[in-house]
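Below, each value reflects all heavy atoms present in this structure, side chains not excepted, and no hydrogens, waters or symmetry copies. Predicted model, so just to flag it, every value in this text is computed and none were measured.
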Amino acid sequence: MPKLRLPIPFGAAALAVAFAALLPHVAAQAQENDTLAKIKASGAITFGYRESSFGFSYLDGNLKPVGYSIEICNRIVEAVKGELKLPAIEIKYQAVTSANRIPLVQNGTVDIECGSTTNLVERQKQVAFSPDIFRYNVRMLVKADSGIKSIADLQGKTVVTTTGTTSFRLLREADKGRSLEVNNLGGKDHSDSFLLVESGRAQAFVLDDILLAGQIANARNPKDFIITGESLRTENQSLMFRKDDPAFKALVDRVVSGMMKSGEMEKLYNKWFMSPIPPKGININYPLNAETKEAFANPSSKGI
């Protein structure tokens, strides 16, 4: 007598089996996004830093990452030590670029990026952000004798933007039908982009005006360069870390907002943007603007 083959029911039992198989993946994903648990288990945290975002995050004369963003991250580590009741946490450093910073945060290589990243709503689909630590305008750096004063003057010129930034897209959006024809070059980092203007291979470098000011301050002949043209957009900078990690975000928000309300953030700002800084003792001399004052008064990580 042939065996009777019954269809396998996909009922409650089958759903339970499928859910049980999924649990390890869900647990692993939760662990990956639990930064505090990761720090507690390893006794270490990894900062992502930039090599040439002067004032914010860059290398000093001893090739040590320093800057405004780095110091804010150091304050966060102190809070983590208290939260986890750890006597010490080792700080590891990972260089990042505009192109790889988001993937390195997402895959767990970097726990918090202490750099110069714009908090965009579109980026919030991939990562999370602290309250804004700085707000600025996107403009262009040119040679002082170039005659370039506005976007329209870029017609037929070569413009450099750092790979992975939003600068060239903003330039196109600001064109508003003028059919601006420019040749775009991509620098691997901000110093590389600046060198393309300094060497004459590009006529303009579009970026955050504060970062452009840092490049000029560190140039061989700062008077040879100016920041000019209309603002392409007012943007914001924040610290960046993994999304879907409410405990770590709450801690970061508490520390950053507390520094703003206590006046510590403004003191830190003056240290890095209104005073001589290493390695050359150069003063970027970028006074606190109205936009950043508003960010300090009303901390927000909503993005733009």
Side-chain angles (χ1 to χ4, degrees), residues 29 31-35 38-39 42 44-60 63-74 76-77 90-130 132-134 136 138 159-171 184-196 202 205-208 210-212 214-215 218 235-245 248-249 252 301 303-304:
Q29 184 66 36
Q31 179 66 25
E32 285 176 10
N33 285 346
D34 191 339
T35 304
K38 181 173 181 278
I39 294 169
S42 65
I45 185 172
T46 301
F47 288 1
Y49 73 92
R50 301 299 296 268
E51 294 183 325
S52 59
S53 289
F54 296 114
F56 289 96
S57 179
Y58 65 102
L59 296 174
D60 67 8
L63 301 183
K64 178 185 176 182
V66 295
Y68 176 68
S69 301
I70 297 290
E71 286 215 45
I72 299 170
C73 284
N74 286 336
I76 291 168
V77 171
E90 179 188 2
I91 298 175
K92 299 180 178 180
Y93 297 96
Q94 171 66 51
V96 300
T97 66
S98 297
N100 69 16
R101 56 191 168 181
I102 290 177
L104 288 177
V105 168
Q106 288 181 299
N107 68 21
T109 301
V110 167
D111 294 313
I112 183 166
E113 191 237 7
C114 316
S116 53
T117 295
T118 304
N119 177 5
L120 300 175
V121 171
E122 64 191 68
R123 286 176 175 165
Q124 292 176 10
K125 297 173 184 177
Q126 302 172 285
V127 291
F129 293 93
S130 72
D132 300 344
I133 61 171
F134 198 97
Y136 54 88
V138 179
V159 176
V160 60
T161 53
T162 303
T163 301
T165 66
T166 59
S167 301
F168 195 67
R169 187 182 74 189
L170 292 176
L171 182 63
N184 180 226
L185 292 180
K188 64 180 179 63
D189 59 27
H190 303 327
S191 288
D192 186 46
S193 296
F194 175 76
L195 287 172
L196 290 172
F205 174 19
V206 177
L207 191 67
D208 317 346
I210 176 59
L211 295 176
L212 295 177
Q215 291 294 325
N218 282 275
E235 293 195 336
N236 51 4
Q237 286 183 1
S238 305
L239 308 174
M240 179 172 64
F241 43 93
R242 282 178 291 281
K243 65 177 298 185
D244 300 325
D245 189 352
F248 189 64
K249 176 163 174 55
V252 170
S301 58
I304 57 173

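- Rounded to the nearest 0.5 Å, atoms CD1 (I133) and CG (N236) are 10.0 Å apart.
- The shortest non-hydrogen separation linking T118 to R123 is O-NH1, 2.9 Å.
- For N74, there are no side-chain hydrogen bond (donor to acceptor under 3.5 Å, both in side chains) partners at least two apart in sequence or on another chain.
- Looking at heavy atoms from C-beta onward, V110 lies out of side-chain contact with F47 at the 4.5 angstrom threshold.
- Scanning both residues, V252 and S130, for their nearest heavy atoms gives CG1-CB, 3.6 Å.
- With sequence neighbours excluded, the residues forming a side-chain hydrogen bond (donor to acceptor under 3.5 Å, both in side chains) with T109 are N107, listed by chain and number.
- With N100 contributing its side chain and V96 its backbone, the two residues share no donor-acceptor pair below 3.5 Å.
- Shortest non-hydrogen contact noted between S238 and D132 is OG-OD1, 3.1 Å.
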Working for side chain to side chain contact (heavy atoms under 4.5 Å, CB included), residues K243 and Q126: CA-CA 7 Å; K243 65 177 298 185; Q126 302 172 285; 5.6 Å; no

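- Shown here are the ring pair (Phe, Tyr, Trp, His ring centres under 6.0 Å) partners of Y49, two or more places apart in sequence or in another chain: there are none.
- Inter-residue side-chain proximity for K188 and T97 is flagged as unmet; no heavy-atom pair is nearer than 4.5 Å.
- The shortest non-hydrogen separation linking G115 to R50 is CA-CG, 4.0 Å.
- F205 has its side chain within reach of T162: a pair of non-hydrogen atoms, C-beta onward, lies under 4.5 Å apart.
- When side chains are defined from C-beta on, E51 does not count as touching S191, because their heavy atoms never get closer than 4.5 Å.
- Taking D111 as the reference, K38, R242 meet the salt bridge (Lys or Arg N to Asp or Glu O under 4.0 Å) condition, with sequence neighbours excluded.
- The distance from atom OG1 of T161 to atom CG of N184, rounded to the nearest 0.5 Å, is 4.0 Å.
- Separating the CG atom in L185 from the CG atom in L196 is a distance of 6.0 Å, to the nearest 0.5 Å.
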E113 vs L239, side chain to side chain contact (heavy atoms under 4.5 Å, CB included): CA-CA, chis, key distance, verdict: CA-CA 6 Å; E113 191 237 7; L239 308 174; over 6 Å; no

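- Here the side chains of V77 and I91 are in contact, with some heavy-atom distance below 4.5 Å.
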Derivation of the side chain to side chain contact (heavy atoms under 4.5 Å, CB included) call for L211 and F54: CA-CA 7 Å; L211 295 176; F54 296 114; over 6 Å; no

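- The minimum heavy-atom distance linking L120 with F129 is given by the pair O-CE1, 4.2 Å.
- Inter-residue side-chain proximity for M240 and I102 is flagged as met; some heavy-atom pair is nearer than 4.5 Å.
- Rounding to the nearest 0.5 Å gives a distance of 5.5 Å between OG of S52 and CD of Q215.
- Between the side chain of S57 and the backbone N or O of C114, at least one donor-acceptor pair lies under 3.5 Å.
- With contacts defined as side-chain heavy-atom distances shorter than 4.5 Å, the pair E71/V66 does not qualify.
- In plain terms, the two heavy atoms of H190 and L207 that are nearest each other are ND1-CD2, 3.6 Å.
- Sorted by first and then second residue, the ring pair (Phe, Tyr, Trp, His ring centres under 6.0 Å) pairs involving residues 107-126 (not counting sequence neighbours) form an empty list.
- Atom-to-atom distance recorded for I39:CD1 and E90:CD is 12.0 Å, nearest 0.5 angstrom.
- Here the OG1 atom belonging to T166 is positioned 11.0 Å from the CG atom belonging to L171, to the nearest 0.5 angstrom.
- Note on ring orientation: taking the six-membered ring where Trp is involved, the planes of Y68 and F56 are perpendicular (angle over 60°, cut-offs 30° and 60°).
- For the side-chain hydrogen bond (donor to acceptor under 3.5 Å, both in side chains) criterion with N119, the lone passing option out of Q237, Q124, E235 is Q124.
- A donor-acceptor pair is defined here as one N or O able to donate and one able to accept, closer than 3.5 Å; no such pair exists between the side chain of S53 and the backbone of S116.
- For K249, the side chain to side chain contact (heavy atoms under 4.5 Å, CB included) partners at least two apart in sequence or on another chain are F241, D253, S301.
- Looking at V206 and F168, their side chains never come closer than 4.5 Å, going by heavy atoms from C-beta outward.
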